[in-house]
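Notes follow the structure.
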Amino acid sequence: MVDWWTGWRDRTNPPIYQLTNLPLHQYHKEKTMTPNYPVRVRMAPSPTGYFHLGSARTALFNWLYARHTGGAFILRIEDTDRTRFVADALQDAMDSLRWLGLDWDEGPEVGGPHGPYFQSERLPIYHEWAGWLVEHGHAYRCYCSEARLGALRRAQQARKENTGYDRHCRHLTATQRAEYAAAATPAVVRLAMPLAGETSFTDALRGVITFDNRQIIDPILLKSDGFPTYHLANVVDDHLMEITHILRGDEWLNSVPLHVNLYRAFGWEMPVYAHLPLILDPSGVGKLSKRKKKGEGGEELLTYIREYRQAGYLPEAMFNFLAILGWSYSADTDLFSREQAIAAFDIPHINASPGALPLSKLDWMNGHYIRQLSIPDLTGRLAPFLARDLGIPVETLAEDPALPTLAPLIQERLKTLAEAAAWLDFAFVAKLSYDPQMLIAKKLDAAGSLAALEAAHKLLAGLPFTEEALEGPLRDLAQELGLKTGQLFGILRVATTGKEVAPPLFGSMIALGRERTLARCAQAEASLRTLVAAESTG
RNA sequence: GCCCCCAUCGUCUAGAGGACCAGGACACAGGCCUUUCAAGCCUGGUACAGGGGUUCGAAUCCCCUUGGGGGCACCA
């Protein structure tokens, strides 16, 4: 067991979050140093919805940083909002994390020395520290009703002033407080922000950032229902859980000065902050997390990890893709393994600028990883998707001897596993249904196509069903008939698969087997005869 | 409205004052291969938002403008 805490304390390099007057480019040189101690980082999802793509990226970066430094990745559940609680959101988050291979060292189901890891189970801790702040004059109880707050806001809006709390309760006298307390008036606890001056901090990606303290008006720390707000809970827990680095979404940047003042009030050492760039909608407009939007082709834009999983993306592709969302592995490739990512991960190569979700790259990347799969692996992964989309029990499918023959035929054609059914349905239906017109080859009529098919049918009947045995004779036949191979094979393709675009012909026929292939030739001949008859009468 | 962040090909990005008339990837276009579709290989086009500085020298540092994003809850 690594004594990370000692290592952290004993580190000789100055902490990079110390305020610096260095110009940014100089600062960037400094920040390249990777901590010479194991970091403690956390992912803190809120169970108010399914696990989002952006959350997964944040989780991944934290996980990579922990693994890179030999540190710890902690999972903490921020379930302090009782009104937005979603029952299966926690399970979804854990499933998504595990699917991506992001294991946590402390947290739900694994425990750890800093528990509990559910904020709803840490209420006494928040009460204790909120009370401490009040006692020491860094916070105060506020008895303002929501009605008063609402009226205040409307008045401010009417006067076109900035909205915000008027600090009414900050100035209560001791006797007034005693009266409220005696009457058991519901109260919240607010942070007493400095009334003037500035708060600065260093973001590991952006350098020093300074805010005017007047911008933040005494935010609520403890709600009247006894639950903490994010601000209190996250500062208290990060300190108590000995978090050293916070990598989180850019949307938190504006509340850092609040957090800084909380750390100061407590007298606690601050962690290193790195605010990750937001992932924008593929159109580049708006952040991804807002709401379901439509993609360019009007298709649903996937936002939850579970949706990507169901759409047939591989976890290894997703991992790789998520890793390039704001971080660059190297100047000349986007493809890398989990191990390579761990070895290379660093803060300096995280990009501070927000970017659109490059979904076409995900498709390419997923196709790449599908092509890397061994055939047994591929068939194993394909089975649940085919079962789902074809309505066949998985067990039946898993035992189907045709599957290992079919899988390699489409391996290099797939962008997602979910596309498999559309390619392979022909092998799993009793009878094909398709437009007979497709049987007529280019530059041929129905009669000519029929003659070609009959000849091929006859030839096929006497041939062994192997790739080598089929190809030569069929090519020779095309020549004998004075046809291009494309013409003859096209007819056979439609006859056997019912599609003009299908997996390679001979492989498809072999997977189908002699019997079914010949039956489909016969079926196609019947269709063509009808067309011939129609042509001669019409 | 106020505050904060960001700004390189269509998109994601490399870039830490000279190695950049800017490299890679995806996408796109053309070609090769070819039984369809893919895959693969080859080739191609397109970018430092604009304007001022600093410097012998700026994609890189500073300022302004513009554009984009985010935040301003008893949500996280």
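Below, read A as the first sequence line, B as the second, and so on, with proteins coming before strands; counting in each chain starts at 1.
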task = Check for a donor-acceptor pair, side chain of A/D218 on one end and backbone N or O of A/Y140 on the other, with a separation under 3.5 Å.
result = no
Regarding the side chain of A/N254, the nearest nucleotide among B/A39, B/G24, B/G70 is B/G70
Considering only heavy side-chain atoms of A/T80, the closest of B/C2, B/U11, B/A76 is B/A76
A/I216 atom CD1 is separated from B/G70 atom C1', nearest whole Å, by 14 Å
Under the ring-ring contact (aromatic ring centres under 6.0 Å, His included) criterion, do A/Y126 and A/F227 qualify, and how do the steps go? CA-CA 8 Å; A/Y126 308 127; A/F227 278 68; 8.9 Å; no
Should the heavy atoms of other residues, nucleotides or ligands under 6.0 Å from CZ of A/R371 be counted, would the total exceed 12?
-> yes
Just call it for A/E146: base, sugar-phosphate, or nothing, with non-hydrogen atoms closer than 4.0 Å on any strand.
base
Picking from B/A73, B/C5, B/G70, the nucleotide nearest the side-chain atoms of A/T163 would be B/A73
Exercise for the section: Could you tell me whether A/K415 and A/D363 have a side-chain N and a carboxylate O separated by less than 4.0 Å? Expected result: no
**Q.** Under 4.0 angstrom between A/H349 side-chain N/O and B/G15 OP1 or OP2
**A.** yes
**Prompt:** Is there a donor-acceptor pair under 3.5 Å between the side chain of A/D79 and the backbone N or O of A/Q119?
**Reply:** yes
From CD of A/E251 across to C1' of B/C6 the rounded distance in Å is 15 Å
Q) Does the ring of A/Y143 carry A/R141 above it, NZ/CZ under 6.0 angstrom from centre and within 45° of its axis? A) no
Judged by nearest nucleotide, the residue sitting upstream toward the 5' end of RNA chain B, A/L222 or A/T333, is A/T333
Using a cutoff of under 3.5 Å, can you pull out all pairs of nitrogen or oxygen atoms linking the protein to nucleotides 28-36 of chain B, with atom names and distances?
unit_1, atom_1, unit_2, atom_2, d
B/U35, OP1, A/R475, NH1, 3.0
B/U35, OP1, A/R475, NH2, 2.4
B/U35, O2', A/R493, NH2, 3.3
B/U35, O2, A/R493, NH2, 2.1
B/U36, O4', A/R493, NH1, 3.2
B/U36, O2', A/E500, O, 3.3
B/U36, O2, A/A502, N, 2.8
B/U36, O2, A/A502, O, 3.0
B/U36, N3, A/A502, O, 2.7
B/U36, O4, A/P504, N, 3.4

Query raised in the report: Would you say B/U11 has OP1 or OP2 under 4.0 Å from some side-chain N or O of A/S360?
Result: no
For A/Q479, is the CD atom crowded, meaning more than 12 foreign heavy atoms sit under 6.0 Å from it? no
- Task: For residues A/Y308 and A/F51, establish whether the separation of their ring centroids is below 6.0 Å.
- Result: no
Separation of B/C26 atom P from A/K361 atom NZ, nearest Å, is 7 Å
Whole-Å distance, A/W252 CH2 to B/G71 P, equals 10 Å
message: Would A/R190 and A/Y165 count as a cation-pi pair here, with the cationic atom under 6.0 angstrom from the ring centre and within 45° of the axis?
response: yes
Separation of B/C72 atom P from A/N213 atom CG, nearest Å, is 18 Å
Quiz item: So does A/K223 have more than 12 non-hydrogen atoms from other groups sitting under 6.0 Å from NZ?
Solution: yes
With heavy atoms under 4.0 Å as the rule, sort A/I209 into base, sugar-phosphate or nothing. sugar-phosphate
Legend entry - Integer angstrom distance from the C1' of B/A39 to that of B/C33: 11 Å
The answer to which of A/P354 and A/P45 contacts RNA chain B further toward the 5' end, by nearest nucleotide, is A/P354
Checking N1-N3 plus N6-O4 or O6-N4 for Watson-Crick, or N1-O2 and O6-N3 for wobble, each under 3.5 Å, the partner of B/A76 is none
Looking only at B/A76, B/C12, B/C4, the nucleotide nearest the A/A356 side chain is B/C12
Margin query: What's A/H275 touching, base or sugar-phosphate or nothing? Going by heavy atoms closer than 4.0 Å.
Written below: nothing
Applying the 3.5 Å cut-off to both distances, the Watson-Crick or G-U partner of B/C2 turns out to be B/G71
Do A/N62 side-chain atoms and A/T58 backbone N/O form a donor-acceptor pair below 3.5 Å?
-> yes
Within the modelled atom types, does a donor on one side and an acceptor on the other bring the side chain of A/R84 and the base of B/C75 under 3.5 Å apart?
yes
Contact check, residues 223-234 of chain A vs RNA chain B, heavy-atom distance under 4.0 Å, returns A/K223, A/S224, A/P228, A/T229, A/Y230
Using Watson-Crick geometry (N1-N3 plus N6-O4 or O6-N4) or G-U wobble (N1-O2, O6-N3), each under 3.5 Å, B/A59 is paired with none
Testing B/G40, B/A73, B/A16 for proximity to the side chain of A/R371, the answer is B/G40
Paired to B/A16 by Watson-Crick or G-U wobble criteria (both distances under 3.5 Å) is none
A/D218 CG to B/A73 P, in whole Å, measures 13 Å
For B/A29, the nucleotide meeting Watson-Crick or G-U wobble distances (both under 3.5 Å) is B/U43
A/Q215 atom CD is separated from B/C2 atom P, nearest whole Å, by 11 Å
Atom CG of A/D250 and atom P of B/C3 are separated, to the nearest Å, by 18 Å
Out of B/C6, B/A73, B/C3, minimum distance to the side chain of A/F211 belongs to B/C3
Closest to the side chain of A/N351, out of B/G15, B/G1, B/U13, is B/U13
Q) Charged N to carboxylate O below 4.0 Å: is that the case for A/R248 and A/E78? A) no
